[in-house]
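Here's the structure we're looking at; comments come further down.
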Amino acid sequence: MEKKVLLLIMVLTCNFIFSQDYMAGQKRYCETSDAKILDLYDLGFKCLQYKKYHNAATRVFLDIVKKDSTLCDAYFWAGYTLRLQNKPELAIGCYYIADSLSNNKSIEFKQNLAMTGLMVGKIDLARKKYVEMTTFFPDSPEGYYGLALTAPMIGDVDKGLENIKVSIEKYGKRSSEIKSQTELLYGILLTLNKKYEEALPHFEECVSKFKNDDNFNIHYSLSLLKVAEQNNDENGKKKALKIYDKIKNKEEISEKLKNEFKV
């Protein structure tokens, strides 16, 4: 189940990109003055606007690197368009080259490489890139969020708890989307750290967003159950079991958590 936690929240990492200028195609880390290449960039971005032309966009960006293999941004955008076409294994190769060529100048390259690594099960690669994000971009919350995100899979949930706290602090005023998903991850990590009572307010912050999600219901019901058992609260137990019954794929609950539920 711990692996499922990541897949649930991973979409958030796509939307946590603060560099709006870069993702709008208004910035490059590896510059060129070649007019033909600049025209190809423009063409690639135009193709990127329409789903039916994503494959054409990939070809355009790959044409750029054929002309100049030092252009990290072209590799990145080729990877980006490949991921949009559900080709994450191919995207990783492009992202990896982009990140290598950029000499640690781009948080976007590391973030997208980490996220796509999670998609294909390359957890160690993702963790490495999140560590690099905290090293080279310490003021950004996103590397810390990534460390918290991978903690259930790596097994260092205590460190994950530390990092989600840092991430929330660095985000400052959070949008409703970011708040709901960071609160969910915070609640999950508290639950996995057996801090059940502390976890409940965080789940309650995002219940409207995730009330039908298995990961939410698994960890929320477990925290409710443990607190109810501690307080001999029969109504609390009933509430926990009611939420537990909403879990659609109970067979995917890990044996460790099943033992906690005593089911």
Side-chain angles (χ1 to χ4, degrees), residues 1-18 107 111 114-115 118 123 126-127 129-131 133-134 137-231 236 239-240 243-244 246-247 252-254 256-257 260-261:
M1 194 63 221
E2 288 77 1
K3 292 185 179 181
K4 292 285 182 179
V5 171
L6 294 186
L7 297 179
L8 162 75
I9 310 172
M10 189 171 55
V11 175
L12 183 61
T13 63
C14 300
N15 301 319
F16 270 9
I17 297 172
F18 278 27
I107 191 171
Q111 183 185 44
M115 180 196 68
L118 291 179
I123 311 307
R127 172 57 71 94
K129 293 302 154 183
Y130 287 129
V131 169
M133 287 167 66
T134 64
F137 307 95
D139 293 331
S140 169
E142 298 173 24
Y144 302 96
Y145 178 85
L147 293 178
L149 185 67
T150 51
M153 297 186 79
I154 299 292
D156 54 352
V157 291
D158 53 337
K159 294 293 185 183
L161 196 53
E162 293 175 13
N163 281 295
I164 193 63
K165 292 177 183 177
V166 174
S167 175
I168 289 172
E169 179 182 334
K170 289 182 179 291
Y171 273 115
K173 187 176 181 180
R174 293 170 286 167
S175 69
S176 60
E177 181 72 13
I178 290 176
K179 182 174 182 180
S180 63
Q181 297 208 41
T182 50
E183 291 295 331
L184 173 57
L185 183 54
Y186 204 160
I188 288 172
L189 288 166
L190 283 165
T191 302
L192 296 176
N193 276 280
K194 300 185 182 297
K195 297 183 178 183
Y196 304 113
E197 192 163 2
E198 289 181 48
L200 293 180
H202 298 282
F203 289 125
E204 286 155 10
E205 283 280 353
C206 58
V207 64
S208 62
K209 174 78 174 178
F210 294 111
K211 61 184 177 182
N212 295 317
D213 182 90
D214 276 1
N215 281 289
F216 174 84
N217 288 323
I218 289 167
H219 295 88
Y220 185 33
S221 62
L222 178 58
S223 285
L224 282 170
L225 181 63
K226 292 299 185 180
V227 171
E229 288 177 347
Q230 181 179 343
N231 296 329
K239 181 179 179 180
I243 293 171
Y244 179 85
K246 292 171 65 178
I247 299 168
E252 295 189 17
I253 302 175
S254 69
K256 183 177 180 180
L257 287 184
E260 293 291 342
F261 278 110

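On a predicted model such as this, the values are computed, not experimentally measured, just so you know.
- Atom OH of Y145 is separated from atom CG of N163 by 12.5 Å, given to the nearest 0.5 angstrom.
- Qualifying side chain to side chain contact (heavy atoms under 4.5 Å, CB included) partners for E198, counting only residues two or more places apart in sequence or in other chains: L190, K195.
- Partners of Y144 by ring pair (Phe, Tyr, Trp, His ring centres under 6.0 Å), not counting sequence neighbours: none found.
- Side-chain N or O atoms of K226 include one that pairs as donor or acceptor with a backbone N or O of E260 at under 3.5 Å.
- Note that the CG atom of L184 and the CD1 atom of I164 stand 9.5 Å from one another [nearest 0.5 Å].
- One finds the OH atom of Y244 at 10.0 Å from the CG atom of L225 (value rounded to the nearest 0.5 Å).
- Y220 and K239 get closest at one heavy-atom pair: OH-NZ, 3.7 Å.
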Residues E183, F203; criterion side chain to side chain contact (heavy atoms under 4.5 Å, CB included); working and verdict: CA-CA 7 Å; E183 291 295 331; F203 289 125; over 6 Å; no

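- Evaluation of the side chain to side chain contact (heavy atoms under 4.5 Å, CB included) rule for V157 yields L189, L192, N193 as partners, not counting sequence neighbours.
- Shown here for C206 and F216, the closest heavy-atom pair between the two residues is SG-CE1, 4.0 Å.
- Here the CD1-CG distance, from I188 to N215, works out to 5.5 Å after rounding to the nearest 0.5 Å.
- Here the closest heavy-atom approach between residue Y196 and residue T191 is recorded as CE2-O, 3.5 Å.
- In this structure, K129 and Q111 have side chains that are not in contact, with every pair of non-hydrogen atoms separated by 4.5 Å or more.
- Among residues two or more places apart in sequence or in another chain, the side chain to side chain contact (heavy atoms under 4.5 Å, CB included) test is passed with S175 by E177, I178.
- D156 meets the side chain to side chain contact (heavy atoms under 4.5 Å, CB included) test with R127, A151, I154, D158, K159; sequence neighbours excluded.
- Within 6.0 Å of atom CD in E197, 12 or fewer heavy atoms from other residues, nucleotides or ligands are found, so the atom counts as exposed in its surroundings.
- Across every non-hydrogen atom of S140 and K170, the tightest pair is O-CD, 3.9 Å.
- Distance CD1/I253 to CD1/I247: 4.0 Å, rounded to 0.5 Å.
- Summarising the geometry of A148 relative to G160, their closest heavy-atom pair is CB-O, 3.4 Å, with the distance given to 0.1 Å.
- Atom OG of S223 sits about 12.0 Å away from atom CD1 of I218, to the nearest 0.5 Å.
- Across all non-hydrogen atoms, the minimal contact from T134 to G143 is CG2-C, 3.6 Å.
- K246 contributes no side-chain N or O that, together with a main-chain N or O of N217, makes up a donor-acceptor pair within less than 3.5 Å.
- In terms of the salt bridge (Lys or Arg N to Asp or Glu O under 4.0 Å) criterion, residue partners of K179 (sequence neighbours excluded) are, by chain and number, E205.
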